[in-house]
Structure formats: structure tokens, C-alpha cells
Amino acid sequence: AFGAAFENLTLASAKVGLRIKTNFLAESKDQDLVAIFELSERSEANDFEPVHAPERVDHILSRSTNRKISPPIDIPQEHIQKLKTTAESIENIGLHYTGDRAQIDRLAEIISQSDLMTLLHPQGHHDFFNKTVQWNAGASDGSGVLLQDMEWAGAQFAAFSLLKDFRVANTLKDINGGQALANASAAGIRAASGIATITIRDKTKESYFQAGIAMQRLWLQAAALGYSIHPMCTPIHLFLRLDAGATLSDAEILKATDLKCEFDNVFPATQTEVPMFIFKISLSDTMPGKTKNRLPLANTLMILNSTQQ
């Protein structure tokens, strides 16, 4: 998210004639401080951040997520290459894409089963119902997805309403239940025109930051081409928990390991590279003027004005 915010800042600053110099604080002891930026009207120095595709600034507010189930299309190879070139404009970033229907079916199973595992896990359940989905739009802090934007059918809404009580989720876990929820999730994923993953080559804070920049650049390029992006990163979080030795039962470790192997079979590069984002691509279906849920600026950016002596 911070990398994406930085890309927006770079584009918006360039539009008003400002350049950015960055001090990325990878070793900062302040956990809330990610980077310090210097904004300047000077353009003669060579240590300012390059501005990639400045015309994409107009798509910052129009980029969209399409959660509806719509017929898939064949995305032209030219468009796929543009997305790949855009993401890989940043060093150490890789983009791996598939439009193969059999592979999309396999990914639908991997992602939906990861969703179910996470939903029935205590920490995953807490994060989903308290951070991922904003049930009360009036009380939203700008994070997560507004309830009305989830595009749930009536039965799904009723099921998730019951699952808000972790005792229900825990009972489903004990009886190996919840497959109806996974099937509904898989159906939406199978409707994707394509699925892709963004990877990094090393696990450093700067690489994580760069992955966010790459994701935003790709998203804006997709918007320019008429596509929506729908991030589906639950497997990423699950695989990271697996690597970190997080609290998982023996059965969960076995299942997560199997899902990671299946994922690596679809995207072989992820055996040596680290997947950071998974997303489906579909035709854009955003109504004009539809409000997006966004964090307040004060939550991510602090500006100090300085005067020349």
C-alpha cells in the first residue's frame, strides 16, 4: 500500500511541476515511518525519482476493482505485454500471467481453499471481519472494502453474517465444513479473463515497497486499457505464514504446503521468487462516479513546508 501511495505521489507531484527525492528508511527504528520525500521545483539534479508514464495520473481516481462474475474474454497478447513491461519497469520485479482456462481453474481452487483456511483460523477470522470488510460504512476509517462493494449474493451475505461469530467458524473447522463458501469464491475466480502474480527476488523492506509501486503502475496501465484488477492475496499471506512458522495446526501446515506446491506448478517462477500479489484481470465494470473507499490522507502522509534562507 505504501509503494502504491508513493507512485500516486510521484505522478501527482509531476503534474503540478514538482520532483521527488526519496530517502527510503529500510532500517528505521520508527515502525510508523516508511520514507522521507523531498519535493522540489528544481529539475536539473539527477537524483530525483523518475516519473513513469506521467499521463497515467488521470487514472488514479478511476482505477477499479470488478468483483462481479462476468464472461471472460481473451486478453490480447499486446495488452499482456504492456502490463508485463509496466510492472517490470522496476528492477527485481517479475510479472507472471496465465489466461489458460485449466490453470485458472487450478488457481480458483488454490485461492478459494486459502480463503476458507484463513477465514476459519482465529487470526484470519479476526482480520477479515475487522479489517478486510467494513460492515458499517458510516464507521469506516477508509480501510478495507465496503460491504456494499463485495458483490455478495443473498445466500453469501447470510452465510458471512453468521460467520461473524467465531464460534460458528470454529464449528465449521471442526467438521471440515464451509465448502459451499469456497465453491462460491471459486466460481467468481474462474470467471477471470486472466490471473497474474507479481514477484520479488529478495525479501527486503525495499523490495516490498517496490512491489507496491509495481502493482500500482500495472493497475493504472490496466485502467488505461479498459481492465479492472481484483487482488486476491490470501494465498500470499498463507504462504508467508507457512514460511515464518506461524501458528498453524499440523493439518493446516500439510494443506498449506500442498496449496503452495500447486501454486508453484502454475507459476514455476515462484519456486525461486517471492509472490507478493495475486490478482485477476477482467473488463472494467465501474459505474461513473462510484465512490471508492480510501484511507484519509492524514493516515499515510505528513507534509512539512520549509523555506529557503
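Bear in mind the structure is a predicted one, so any value in this text is a computation, not a measurement.
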Taking the side chain as everything from C-beta on, heavy atoms only, tell me whether [X] gets closer than 4.5 Å to [Y].
X    : Y    : result
L181 : L163 : yes
Q216 : F6   : no
L248 : I253 : yes
I281 : Y97  : yes
S228 : W219 : no
T118 : F128 : no
T199 : T270 : yes
I200 : N92  : no

Would you check, one step at a time, whether the test side-chain contact (heavy atoms from CB on, under 4.5 Å) holds for H121 with R241?
-> CA-CA 12 Å; H121 186 275; R241 289 174 62 84; 3.1 Å; yes
E55, CD: over 12 other non-hydrogen atoms inside 6.0 angstrom =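 Result for CD/E55: enclosed.
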From CA spacing to verdict: side-chain contact (heavy atoms from CB on, under 4.5 Å), K15, D58 | CA-CA 10 Å; K15 186 175 183 178; D58 295 330; 3.3 Å; yes
Are [X] and [Y] linked by a side-chain donor-acceptor pair shorter than 3.5 Å?
X    : Y    : answer
Q179 : N183 : no
H96  : E273 : yes
K255 : Q113 : yes
T204 : D202 : yes

If I take atom [atom1] from residue [X] and atom [atom2] from residue [Y], how far apart are they, to the nearest 0.5 angstrom?
X    : Y    : atom1 : atom2 : value
E252 : D250 : CD    : CG    : 9.5 Å
F279 : I236 : CZ    : CD1   : 10.5 Å
R101 : D74  : CZ    : CG    : 8.5 Å
S185 : M232 : OG    : CE    : 8.0 Å
I80  : T85  : CD1   : OG1   : 11.5 Å
R106 : T98  : CZ    : OG1   : 9.5 Å

What are the two closest heavy atoms between [X] and [Y], and how far apart are they?
X    : Y    : answer
A182 : L116 : CB-CD2, 4.2 Å
L95  : K84  : O-NZ, 2.9 Å
E88  : I93  : CG-O, 3.4 Å
A87  : A214 : O-CB, 3.7 Å
G194 : I104 : CA-CD1, 4.1 Å
I213 : G3   : CG1-O, 3.3 Å

Could you tell me whether a side-chain N or O of [X] sits under 3.5 Å from a main-chain N or O of [Y], the two making a donor and an acceptor?
X    : Y    : result
E262 : L259 : no
R217 : T86  : no
S13  : T10  : no
T171 : R167 : yes
N176 : L172 : no
K280 : G188 : yes
R56  : L11  : no
H79  : G226 : no
N170 : F166 : no

Within one Ile-Leu-Val-Met-Phe-Trp-Tyr cluster: L83 and I73, side-chain cutoff 4.5 Å =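 Yes; tracing contacts between hydrophobic side chains, which count when under 4.5 Å, links both residues.
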Salt bridge check: are D264 and K260 linked by an N-O gap of less than 4.0 Å?
->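 Yes.
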Residue pair L119, F129: steps toward the side-chain contact (heavy atoms from CB on, under 4.5 Å) verdict = CA-CA 9 Å; L119 189 62; F129 287 104; 3.7 Å; yes
Looking at the rings of F2 and F209, which for Trp means the six-membered one, are their centres under 6.0 Å apart?
->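 F2 vs F209: aromatic centres not under 6.0 Å.
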side-chain contact (heavy atoms from CB on, under 4.5 Å) assessment of S284 paired with Y227 = CA-CA 5 Å; S284 183; Y227 300 109; 5.8 Å; no
